[in-house]
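In what follows, residues are counted from 1 in the order of the sequence shown.
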Amino acid sequence: MASSTDLTDRFDKSGPAHMVPTGGSSAMKIDWDSEEHRRCVAACIVKGTYVLESDRTMCRQGLQAKALAPAWWESFHFRLKDVLTDDSFKHRGDKFIFGAIYEYAAPVGAPPRHPSAPQYVVAFRGTMMRHPKAIQDVYLDGKIVLNRLKGSNRSQRAHSAVHALLATIAKQKESCVVWLAGHSLGASLALDVGRTTMEQQGLGLPTFLFNPPHVASTQAINLLQPSEVAKNDLYAASNLLKAGLGVILSPHRKRMEKLFQRLSPWAPKLYVHEKDFICQGFIDYFQQRERMEERFRGAAKSAMTLSYRDMFHHLVGHDKERPHLLPSATLWKNSRIDDASWLTKRSNAHGLQQWWKSDAQLTLSPRHYTYPVA
């Protein structure tokens, strides 16, 4: 009898049922012009990256146990091109999978790839708490809190893999689309790679960030449950202070404004649940930024590029920027809450499985945010 873990890893049991056509066909019915379908495909491929590592760890390969991962991408006509691995802390020869590159492979006799479909998807999984080496992921979660993920081996390997893929595409003079996708810790990796690619190469890769972590004072403020008026006033005062400090730290402010102008054409898609403690800060970041523009337009453009931690690092001679500072993005907020225990609700709010559900099963509200470049 299959275990509960096997069932959640099985595409036929846990995948997007609304995309399975009637009539007994096993092929997915994909409308690449549909925002809903593109979201579901990206989420499923990220899930496949989780299951890839589960297959390896649980020996679900070979004759005795069939691998469960391939169905999560083959159902959408992708094939596994490469896997991205990280080293174990204790045993350098023991490598585990944190990401993968998938290539679109149209079925025989099928029409050419749809213009909205990607030729490649680079997907990164998040933290696997039940993994025998979960400490590897938890260690990187700590680096996210400290804003040091960029210097990790996993981040460097993610950057190298995408850089090599883009270089190969450029040499072959292909006209294709590369998606970045990730969940939780993996979303932080995808965000970092996407920002760097836009900043250094001017390439705005379509990026799907599911429950991306946001580290700021927002979570602490929300725990206090202030009134909406008090919360807005607090953020307004903080942003005015940032704008004032930006005048004093003019070189840092100008560097950040230039960076925002460089990044502004790239608008990653952020998928967040309003009850997810880990990523709900993105909701406040963009909403308060918009309110700041309405109340103090002159100071808003400067304040949205700044963080207290970045300004402190500038003072001590170590310029860096917080990854949640984004000039442009499309924020998809899910407000659907199912009847369950408090712990289950919190777990579901951060779960990847919500993002391959149909729009009818979610309570989604999208909002596009841009940076005023003029």
Side-chain angles (χ1 to χ4, degrees), residues 143-150 188 191-192 194-196 198-199 209 212-268 270 272 277-331 333 367-374:
K143 282 188 171 290
I144 292 175
V145 175
L146 298 173
N147 196 23
R148 293 179 179 175
L149 181 65
K150 197 178 187 70
S188 290
L191 173 59
D192 187 30
R195 279 173 60 101
T196 302
M198 185 66 209
E199 179 184 0
L209 306 175
H214 181 285
V215 181
S217 59
T218 303
Q219 288 89 339
I221 294 173
N222 287 339
L223 283 176
L224 297 175
Q225 297 183 333
S227 67
E228 194 66 22
V229 173
K231 184 177 177 179
N232 291 340
D233 288 343
L234 178 61
Y235 276 109
S238 177
N239 282 322
L240 287 174
L241 178 57
K242 287 179 186 177
L245 292 173
V247 174
I248 300 172
L249 302 176
S250 179
H252 173 69
R253 173 179 56 81
K254 290 180 179 179
R255 185 180 74 84
M256 290 302 299
E257 289 179 352
K258 185 176 181 180
L259 174 62
F260 261 48
Q261 290 177 359
R262 176 75 170 166
L263 293 175
S264 60
W266 175 60
L270 280 64
V272 302
F277 182 79
I278 294 174
C279 67
Q280 65 184 188
F282 274 110
I283 300 174
D284 284 324
Y285 169 70
F286 284 109
Q287 287 182 346
Q288 294 299 330
R289 197 177 91 172
E290 187 175 57
R291 288 167 184 160
M292 180 73 176
E293 288 185 86
E294 294 172 354
R295 297 176 64 181
F296 309 101
R297 189 167 184 82
K301 185 176 180 180
S302 174
M304 70 177 65
T305 69
L306 302 172
S307 77
Y308 294 116
R309 192 182 299 193
D310 288 354
M311 289 187 279
F312 171 77
H313 282 296
H314 173 75
L315 285 173
V316 298
H318 298 287
D319 275 324
K320 57 171 65 176
E321 62 275 346
R322 303 292 290 165
H324 71 262
L325 298 177
L326 292 170
S328 306
T330 299
L331 186 75
K333 181 176 69 174
R367 189 65 181 268
H368 185 65
Y369 297 91
T370 58
Y371 178 69
V373 294

So how far is it from [X] [atom1] to [Y] [atom2], rounded to the nearest 0.5 Å?
X: Arg291; Y: Arg295; atom1: CZ; atom2: CZ; value: 10.0 Å
X: Ser238; Y: Met292; atom1: OG; atom2: CE; value: 9.0 Å
X: Leu315; Y: Leu245; atom1: CG; atom2: CG; value: 9.0 Å
X: Thr305; Y: Lys254; atom1: OG1; atom2: NZ; value: 13.0 Å
X: Ser188; Y: Leu149; atom1: OG; atom2: CG; value: 6.0 Å

Thr196 and Lys150 side chains, donor-acceptor separation under 3.5 Å:
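Yes, side-chain donor-acceptor contact under 3.5 Å.
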Assess whether side chain to side chain contact (heavy atoms under 4.5 Å, CB included) is satisfied between Thr330 and Leu270, documenting all intermediate values.
CA-CA 6 Å; Thr330 299; Leu270 280 64; over 6 Å; no
Kindly indicate whether the side chain of [X], heavy atoms from C-beta on, has any atom under 4.5 Å from the side chain of [Y].
X: Ile248; Y: Arg253; result: no
X: Tyr369; Y: Arg289; result: yes
X: Ile144; Y: Val215; result: yes

What's the shortest heavy-atom distance between [X] and [Y], and which atoms?
X: Leu326; Y: Phe282; result: CD1-CE2, 4.2 Å
X: Tyr285; Y: His214; result: CB-NE2, 4.0 Å
X: His368; Y: Ala267; result: CE1-CB, 3.7 Å
X: Met311; Y: Gly246; result: SD-N, 4.5 Å
X: Val272; Y: Leu331; result: CG2-CD1, 3.9 Å
X: Tyr371; Y: Ser328; result: N-OG, 3.8 Å

Check against side chain to side chain contact (heavy atoms under 4.5 Å, CB included), Gln287 and Lys333
CA-CA 12 Å; Gln287 287 182 346; Lys333 181 176 69 174; 3.8 Å; yes
Is there a side chain to side chain contact (heavy atoms under 4.5 Å, CB included) between Met304 and Lys242 once you walk through the steps?
CA-CA 9 Å; Met304 70 177 65; Lys242 287 179 186 177; over 6 Å; no
Suppose we screen for side chain to side chain donor-acceptor pair (under 3.5 Å). Which residues come up paired with Gln288, at least two apart in sequence or across chains?
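Per chain and number, Gln288 pairs via side chain to side chain donor-acceptor pair (under 3.5 Å) with Asn232.
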Report the C-alpha separation of Arg195 and Leu259 in whole Å, then their side-chain angles, then the decisive distance to 0.1 Å, and conclude whether the side chain to side chain contact (heavy atoms under 4.5 Å, CB included) test is met.
CA-CA 10 Å; Arg195 279 173 60 101; Leu259 174 62; 3.9 Å; yes
Counting distance only, does the side-chain N/O of Arg262 pair as donor-acceptor with the main-chain N or O of Glu199 below 3.5 Å?
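At least one qualifying donor-acceptor pair exists.
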